[in-house]
Amino acid sequence: MSILVCGGAGYIGSHMVAELLENGEDVVVLDNFQKGHIDALLGGKLYVGDIRDRKILDKVFKENKIEAVIDFAADSLVGESVDNPLKYFENNVGGTVSLLQAMRDYGTKYIVFSSTAATYGEPENTPILESDKTFPTNPYGESKLTVEKILKWSDKAYGIKYTALRYFNAAGAHINGKIGEDHNPETHLIPLIFQAALKKREKIYIFGDDYKTPDGTCIRDYVHVSDLASAHLLALKRLRSGNESAIYNLGNGKGFSVKEVVEVTRKVTGLNIEAEIAERRAGDPAILIASSEKAIEELNWHPKFNSLETIIETAWKWQNSHRDGYGR
Ligand code: UDP
């Protein structure tokens with residue numbers, strides 16, 4: 001029996017593939033390579049195609065016995081989702097619906113779904129609990145929340161058991177130094193700070209310093225990508241043991257401001273990094289910190305790389321040895 005990783009050549013997906021291979025699982029990858037990188041794949045049986053394409057899904061499900069699906073195939077840029085919401089609903093919602101239809105038709109009973117802290121919108125509590133209200137402030141978060149609801153109804157109707165994992169800020173890179181974060185365009189804080197360190201851009205712009213936080217800049221909960229991957233495997237094992245569908249936050253329960261992240265990156269790289277305060281970015285909540293107590297208790301999840309220094313060190317190790325990312 002195989003685990004199908006959709007979007008397995010992307011940032012988090014490629015770390016998932018590595019985690020599964022390290023744990024002796026049989027891996028099948030489906031990726032359309034719109035954003036994925038072939039060099040990010042450390043193994044597995046690869047199919048190139050889109051989860052919205054029923055023909056390729058039929059091929060994958062016919063040629064392999066798919067026990068479970070781990071679904072990372074999605075668009076994930078908040079700003080782009082505000083400008084082009086239909087792209088997000090078509091790809092993120094339509095894609096997962098297409099995948100669920102195939103799972104239903106071929107009798108695959110487990111799915112671990114890549115969800116997000118953006119499902120909460122402006123949080124009502126810190127740290128955020130899974131039971132807090134979900135009121136997304138952008139189409140990206142709305143698309144993921146919509147899929148969570150679709151998963152609930154698919155469980156009721158077809159018995160497809162799901163685990164939705166709401167990530168906070170994914171960061172870092174595999175300690176083997178072979179895979180890391182390479183987006184084009186890059187919008188995420190830590191890789192952009194590296195670009196400033198490597199003089200690929202003049203400086204890092206800090207989006208707003210007038211938030212209600214101690215230093216005025218936004219606070220986020222950074223979680224290592226390999227710790228996210230290990231949580232998916234634990235979620236899969238929990239489903240295999242016959243447990244019910246569930247939703248978990250994944251974060252370290254500790255927040256760092258943008259200024260703090262810049263400072264730690266200066267320390268880790270030993271390089272001069274110029275920073276300048278800029279306008280706020282639309283749709284950014286001031287503080288997003290997870291309570292991951294539920295994942296710790298029910299999944300027995302113990303993040304290994306839970307200090308910001310370690311997260312940035314692993315990311316830097318990869319970035320410094322892959323100055324052009326995977327190369328274009
Ligand atoms: N950020 C920033 N400058 C940048 C990119 C991001 O100040 O060039 C801030 C952003 O406003 C947010 C934090 O860094 O508060 C993390 O942003 P990122 O895009 O990495 O992740 P997000 O929180 O949007 O998932």
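In listed order, ligands and their atoms are each counted from 1.
Note on R166 versus E148: salt bridge recorded, some NZ/NE/NH1/NH2 to OD/OE distance being below 4.0 Å. Under a 4.0 Å N-O distance rule, the pair R52/D50 qualifies as a salt bridge. In this structure, R280 does not pair ionically with D284, as no charged nitrogen and carboxylate oxygen lie closer than 4.0 Å. Under 4.0 Å is where a charged nitrogen must lie from a carboxylate oxygen, and between E309 and K267 no such pair does.
Atom 5 (C) of ligand 1 has its nearest heavy-atom neighbour, among F207, F168, Y211, in F207.
In the vicinity of C218, heavy-atom distances shorter than 4.0 Å reach the ligand 1 atoms 15 (O). In summary, the atoms of ligand 1 found under 4.0 Å from a heavy atom of I204, numbered by their order in the structure, are 8 (O). Less than 4.0 angstrom separates some heavy atom of I206 from each of these atoms of ligand 1: 7 (O). Close contacts of ligand 1 with Y205, meaning ligand atoms under 4.0 Å from a residue heavy atom, involve 2 (C), 3 (N), 4 (C), 7 (O), 8 (O). Atoms of ligand 1 lying under 4.0 Å from at least one heavy atom of T187, given by number and element, are 5 (C), 19 (O).
When only non-hydrogen protein atoms are considered, atom 11 (O) of ligand 1 lies nearest to D284 OD2, 2.5 Å. Atom 9 (C) of ligand 1 has as its closest protein heavy atom V258 CG2, 3.8 Å.
Within the 4.0 Å heavy-atom criterion, the part of Y222 lying near ligand 1 is the side chain and not the backbone. Here L288 has no heavy atoms under 4.0 Å from ligand 1, in either its backbone or its side chain. For R281, every heavy-atom contact with ligand 1 shorter than 4.0 Å involves the side chain, none the backbone. Residue contacts with ligand 1 for N169 involve side-chain atoms from C-beta outward but no N, CA, C or O (heavy atoms, distance under 4.0 Å).
Annotation: R220 places an N or O atom under 3.5 Å from an N or O atom of ligand 1; distance criterion only. Distances between N or O atoms of L189 and those of ligand 1 include at least one value under 3.5 Å.
Classification of the Y120-F168 ring pair by plane angle, with boundaries at 30° and 60°, yields tilted.
The NZ atom of K144 sits 6.5 Å away from the OG atom of S115 when rounded to the nearest 0.5 Å. Distance CZ/F305 to CD1/I312: 15.0 Å, rounded to 0.5 Å.
Side-chain atoms of S292 and N249 include no donor-acceptor pair closer than 3.5 Å.
Atom NZ of K199 has more than 12 heavy atoms from other residues, nucleotides or ligands within 6.0 Å.
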